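Below you'll find the structure, written out as structure tokens, and then a few comments.
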Amino acid sequence: MGAQLCSQADTEEPLETLRFHPEAKGAHVILDAKRITAYRLATFHDGIVFSQRPVRPGERVALRVLGHEGGWHGGLRVGFTRLNPACVEAPSLPPFVCPDLEQQSPTWAALLPDDCALAGDIVSFWVNRHGRLCAQVNRGPRLLLRKGVPMGAPLWAVMDVYGTTKAIELLDPTASAFPRASPWALPEETPSDPEATAGEECAVCLHCTANTCLVPCGHTHFCSCCAWRVFRDTAKCPVCRCEIEGVVSAWGSSALRTGEGLPV
């Protein structure tokens, strides 16, 4: 009986697959239905996401960078927090994990080195039993990001889809081979619009045909490429400054496209 009890005590419960917490996320983050993909819809901040469960010491959190966007400085931030995301009200989250969330809560995070979080890169990070936050990119060397993470209490993984990092996908770190990345229909990857005839030009680029309608304001002065870029960057109509909730074709009966439909 004693040997049986000892054996049972030494057996750890199987770990639930890591996913993103469904409610505790930055204001510009959308998740897919499985909660394994996080996409930052606009600007460069408000991209904080958490794991849905605590992460054990030494357990690796693996992710793939799906989207990379130029024009910003800095990218993906990773780390751990004692802040239980189930107790976090999303509107109270600050725009950045470093230094904002670190100053407001027991959180320890770090920026990955430049050029270490490009589209397609596999990033894994963990905290060891000595409180060292480590990371590895693809098959590169192990990186020591910071020391002094206190142990002895549950730690949730926290990630900031910041700056040049546009989208990330959680992976199973125990898999012998990671699955190929799913295709993404990002706004900047939409097909080019036809050149406009006189009087039909897009009010932004003055080149392509104005062929979209912004919802709910109804303005139809923009080509689809410029409309999506405005939706992504500011989500405000350049004409009336109304909040944009979706983009539809100005002709025909095309279905409404909103930010919820960006990843496919």
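Computed from a predicted model, the values in this text were never measured in an experiment.
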Side chains of [X] and [Y]: closer than 4.5 Å at any heavy-atom pair?
| X | Y | result |
| --- | --- | --- |
| R77 | F96 | no |
| M159 | L170 | yes |
| W108 | K147 | no |
| C242 | P216 | yes |
| P94 | Q103 | no |
| C98 | L111 | no |
| M151 | V127 | yes |
| V61 | S51 | no |

Exercise. Report yes or no: does D32 contribute a side-chain atom to a donor-acceptor pair with the main-chain N or O of T37 at less than 3.5 Å?
Key: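 Side chain of D32 to backbone of T37, a donor-acceptor pair under 3.5 Å: yes, one is there.
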Quiz item: Would you find a donor on one side and an acceptor on the other, under 3.5 Å apart, between the side chain of N138 and the backbone of I122?
Solution: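 Yes, because the side chain of N138 sits within donor-acceptor range (under 3.5 Å) of the backbone of I122.
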To the nearest 0.5 Å, how far apart are [atom1] in [X] and [atom2] in [Y]?
| X | Y | atom1 | atom2 | value |
| --- | --- | --- | --- | --- |
| K236 | C217 | NZ | SG | 11.5 Å |
| W126 | R142 | CH2 | CZ | 5.0 Å |
| I36 | T17 | CD1 | OG1 | 9.5 Å |
| I244 | L214 | CD1 | CG | 4.5 Å |
| T164 | L118 | OG1 | CG | 7.5 Å |
| Y39 | L66 | OH | CG | 11.0 Å |

Compare every heavy atom of [Y] with every heavy atom of [X], then report the nearest pair and how far apart it is.
| X | Y | answer |
| --- | --- | --- |
| L171 | P173 | O-CD, 3.3 Å |
| G163 | W72 | O-CD1, 3.2 Å |
| H73 | Y162 | O-CE2, 3.5 Å |
| C116 | V123 | O-CG2, 3.9 Å |
| C134 | L144 | SG-CD1, 4.3 Å |
| H219 | C237 | ND1-SG, 3.5 Å |

Self-check item: Identified side-chain contact (heavy atoms from CB on, under 4.5 Å) partner of F125 from the options L63, L76, V55
Solution: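 For F125, the side-chain contact (heavy atoms from CB on, under 4.5 Å) test succeeds with only one of L63, L76, V55, which is L63.
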Quiz item: Between E59 and R53, is there a side-chain N and carboxylate O pair less than 4.0 Å apart?
Solution: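 Salt bridge present between E59 and R53.
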Quiz prompt | Ring geometry between H45 and H28 (parallel below 30°, tilted from 30 to 60°, perpendicular above 60°) | solution =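 H28 vs H45 ring planes: tilted.
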Self-check item: Hydrophobic cluster identity match, I168 and W156, side-chain contacts under 4.5 Å
Solution: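 No, because I168 and W156 fall into different hydrophobic clusters, even though each may have its own neighbours under 4.5 Å.
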Quiz item: Are L41 and F44 connected in a single hydrophobic cluster, I mean Ile/Leu/Val/Met/Phe/Trp/Tyr linked by side-chain heavy atoms less than 4.5 Å apart?
Solution: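 No; L41 is not reachable from F44 via cluster members.
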Quiz item: Hydrophobic clusters join Ile, Leu, Val, Met, Phe, Trp and Tyr when side-chain heavy atoms are under 4.5 Å apart, directly or via other members; which others share one with V97?
Solution: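 V97 clusters with I48, F50, L83, V88, L93, L101, V158.
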Practice problem: Could you name each residue pair satisfying salt bridge (charged side-chain N to carboxylate O under 4.0 Å, His left out) that touches residues 33-48, not counting sequence neighbours? | Solution: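 For residues 33-48: R40-E69.
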